[in-house]
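Scroll down for the structure; my scribbles are underneath it.
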Amino acid sequence: MNSSINDEEYSEHINTSHTLRKHIFLTCISFPSLISYFCNPRILDTMSDVPPISIPLPELPDELMLDIFHRADASTILNARSTCRSWRVKLSSYDFQTTLAQRWKHHGCSLLMHFCYPSSLMNSVDWVMRMDASSGYTMPFHFPFLLTYEGWFHIIGVENGILCIRYSSMGKKSYLLSWNPVSRKSKIIQDPVYIFQPDLVYLYALVYFPSTLDYAILYIFKQTSESPSSSLSIYTSFRRNWNVIITCPPYVVTLDATYVTLGGSIYWLTCSVDDDERRSPYIVCFSLLSNTFQQIFIPRQALAHCYMLMLLNQKVCLASSTHDEEVFSTSIWHVAVTEEEPAWTRLFMYNGVAPLFTPAIFLDEDIIEIKERHFEEDGVDDSHVSHFHICRYTPMEKTRRTLHWVEYEDNVRIRSLHVYYETLYPV
C-alpha cells in the first residue's frame, strides 16, 4: 500500500517539476536576463532531486551517417575528419567527395574574373572579382598570400573547387600554389622555371585525372630559342615532382593561354607559325592517360574571325564568331574527338546588333558573355574609361540577362575568367 502511495507521489513530483521547468523556460524567453541565473548549475540542482538518466545513442550505419554528412556544412565535415583516422578516410574518399560536390553544385556557382592593368609595372594591384553566376551579386575574394609593390599573380586554372595560381610576393622568385578556399588548405609547389631554366616560357595548365582526386600541372617550355620543338613537364599530386618530361610534336607552337579539360585530356587553340592572320587554326589535344598529343584541324565551314574553346554538357565545343562594328554572329560547334577523323557538328548559332560579345564560358546550358569597351575622354590627356558588361545568354529562349555592369576610370582589362564551384577536394 505504501508502495502505491510512493509511486503516486513520485509521479506528481515529476509532473510538478516539468511544469515548473516549462514556466521558467517561458519566463526566460520574455526576460533574457534571467537565463544566466537559471543556467547556474547550483540553481538547476535545486530544481529537482531526480537524478539524471544517461541514455546511450543508438549506433547508426555508415550509409546513414554519410548521408547526414552530405547535408552538413564544410566546418562540420572538417571537424569530423579530425576526430579519428576512420572518419578521415571515409570523409575524404572519392565517392564522398564527388557526391558532396554534386550536392553543393545545386547551390550555385561563382565566376572569378581576374582584372589587370596593361602595364607590367601595375601587376601588384591586380584583383579578382567573385560574382554569383545567378544573381550577379559580387563579393570579396582574397588569396592566402601577400603581394608587395613588385609582386604579381596569375590564375593557371580552376577545377573541382581547386585554384592553381602562379605568384611572386616580391617580384623575384615565383611559386605555384594549389589552394582550396573552402577548407583553407594550400600547398606550395616549386616553379619548374627554376628547374629547367628555359629561354622561352610558354604556359601552365591544370587538369584532373578522370574518376580520381588527383590532378596534374602541365608546363610547356622551350629550353632555347633555337630548339626545334617544345618540351612538356608534368607535375602530379601523387608523385609531387617534375620528373616526367615529354618532347612535344612540331605542331605544338604558340598555344593560347586559355584551355578546356575533359576526361583527363586538355585542349588548346593554336595556329601554324607562318599563319600570321590565323586563317588556319587548329586544336591541340593532350591526353594524361596515354601521354600523347593529337592535332585537330578546324573545318572550313567553321572558320571565322575569332575562336573560343568551351565545354557544354561534357562536350568539347568551339565558338567561332564573325563580327564588325555593328553586328556579330557566333556559331557553336561540337567536336567529337576520336582516334580517327574528328566529327564536327554545329549545335546552334545566334546573332546580335551590337559589338561582339565575347563568348567566354558555358554555365549549364547558358553562355556567359562579356562585352569589354574602352574609351578616351576628349580633352583630357591619358584619361581612360573601361566598361564591362557581363550577361547570361540562354540559347533555347534566345534571351540575354545582365548579371553585372562595372565601370573603371582607368585602362583596365580582363585577364581571365573562371567558373568556381565549392568543394572539399584535397590539395
Side-chain angles (χ1 to χ4, degrees), residues 145 152-160 162-169 171-180 186-273 282-296 309 316 337 415-416 418 425-427:
F145 51 80
W152 52 267
F153 71 90
H154 171 63
I155 301 178
I156 295 174
V158 180
E159 191 170 351
N160 292 332
I162 300 297
L163 278 76
C164 184
I165 307 167
R166 185 179 181 227
Y167 77 100
S168 176
S169 294
K172 297 180 180 179
K173 189 171 183 179
S174 59
Y175 302 89
L176 303 186
L177 180 73
S178 175
W179 174 48
N180 187 324
S186 60
K187 180 169 62 179
I188 296 179
I189 303 169
Q190 185 180 13
D191 194 339
V193 168
Y194 304 103
I195 300 177
F196 304 104
Q197 298 181 351
D199 286 349
L200 298 176
V201 178
Y202 270 170
L203 50 82
Y204 300 77
L206 171 69
V207 57
Y208 266 79
F209 290 90
S211 303
T212 68
L213 299 176
D214 297 311
Y215 60 85
I217 302 177
L218 310 185
Y219 171 61
I220 297 180
F221 63 97
K222 267 193 174 184
Q223 195 65 52
T224 63
S225 57
E226 292 79 16
S227 299
S229 60
S230 304
S231 298
L232 168 65
S233 181
I234 304 176
Y235 172 95
T236 59
S237 56
F238 47 89
R239 290 197 183 98
R240 300 188 180 185
N241 58 55
W242 296 93
N243 294 341
V244 178
I245 303 176
I246 301 172
T247 301
C248 301
Y251 55 80
V252 180
V253 292
T254 61
L255 300 178
D256 284 348
T258 57
Y259 59 90
V260 297
T261 63
L262 180 65
S265 298
I266 184 168
Y267 302 84
W268 293 279
L269 269 173
T270 185
C271 59
S272 62
V273 179
Y282 55 89
I283 299 173
V284 173
C285 172
F286 175 76
S287 172
L288 271 181
L289 301 180
S290 60
N291 285 348
T292 57
F293 286 90
Q294 184 179 359
Q295 185 180 19
I296 305 170
L309 284 174
V316 178
V337 181
R415 175 166 291 179
S416 61
H418 308 273
Y425 272 50
V427 297

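Between T270 and the choices L255, D256, I283, the side chain to side chain contact (heavy atoms under 4.5 Å, CB included) rule is met once, by L255.
Evaluation of the side chain to side chain contact (heavy atoms under 4.5 Å, CB included) rule for H154 yields I156, R415 as partners, not counting sequence neighbours. In this view, Y215 and S178 satisfy the side chain to side chain donor-acceptor pair (under 3.5 Å) rule, not counting sequence neighbours. With sequence neighbours excluded, the residues satisfying side chain to side chain donor-acceptor pair (under 3.5 Å) with S237 are D214. A search for ring-ring contact (aromatic ring centres under 6.0 Å, His included) contacts involving Y204 returns Y219, not counting sequence neighbours. For S233, there are no side chain to side chain donor-acceptor pair (under 3.5 Å) partners, not counting sequence neighbours. Applying the side chain to side chain contact (heavy atoms under 4.5 Å, CB included) rule to T261 yields the partners E159, V207, Y259, I266; only residues at least two apart in sequence or on another chain are considered. With sequence neighbours left out, the ring-ring contact (aromatic ring centres under 6.0 Å, His included) criterion links Y194 to no other residue. Checked against side chain to side chain contact (heavy atoms under 4.5 Å, CB included), Q190 has the following partners two or more places apart in sequence or in another chain: I195. In this view, F293 and F286 satisfy the ring-ring contact (aromatic ring centres under 6.0 Å, His included) rule, not counting sequence neighbours. Residues meeting the side chain to side chain donor-acceptor pair (under 3.5 Å) test with N180, sequence neighbours left out: none. Shown here are the ring-ring contact (aromatic ring centres under 6.0 Å, His included) partners of W179, two or more places apart in sequence or in another chain: F141, F143.
Summarising the geometry of Y251 relative to Y282, their closest heavy-atom pair is O-OH, 2.6 Å, with the distance given to 0.1 Å.
The salt bridge (Lys or Arg N to Asp or Glu O under 4.0 Å) pairs that include a residue from residues 190-203 are R166-D191, where partners are two or more places apart or lie in different chains.
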Exercise for review: May I have the step-by-step check of side chain to side chain contact (heavy atoms under 4.5 Å, CB included) for H418 and L163, ending in yes or no?
Suggested key: CA-CA 10 Å; H418 308 273; L163 278 76; over 6 Å; no
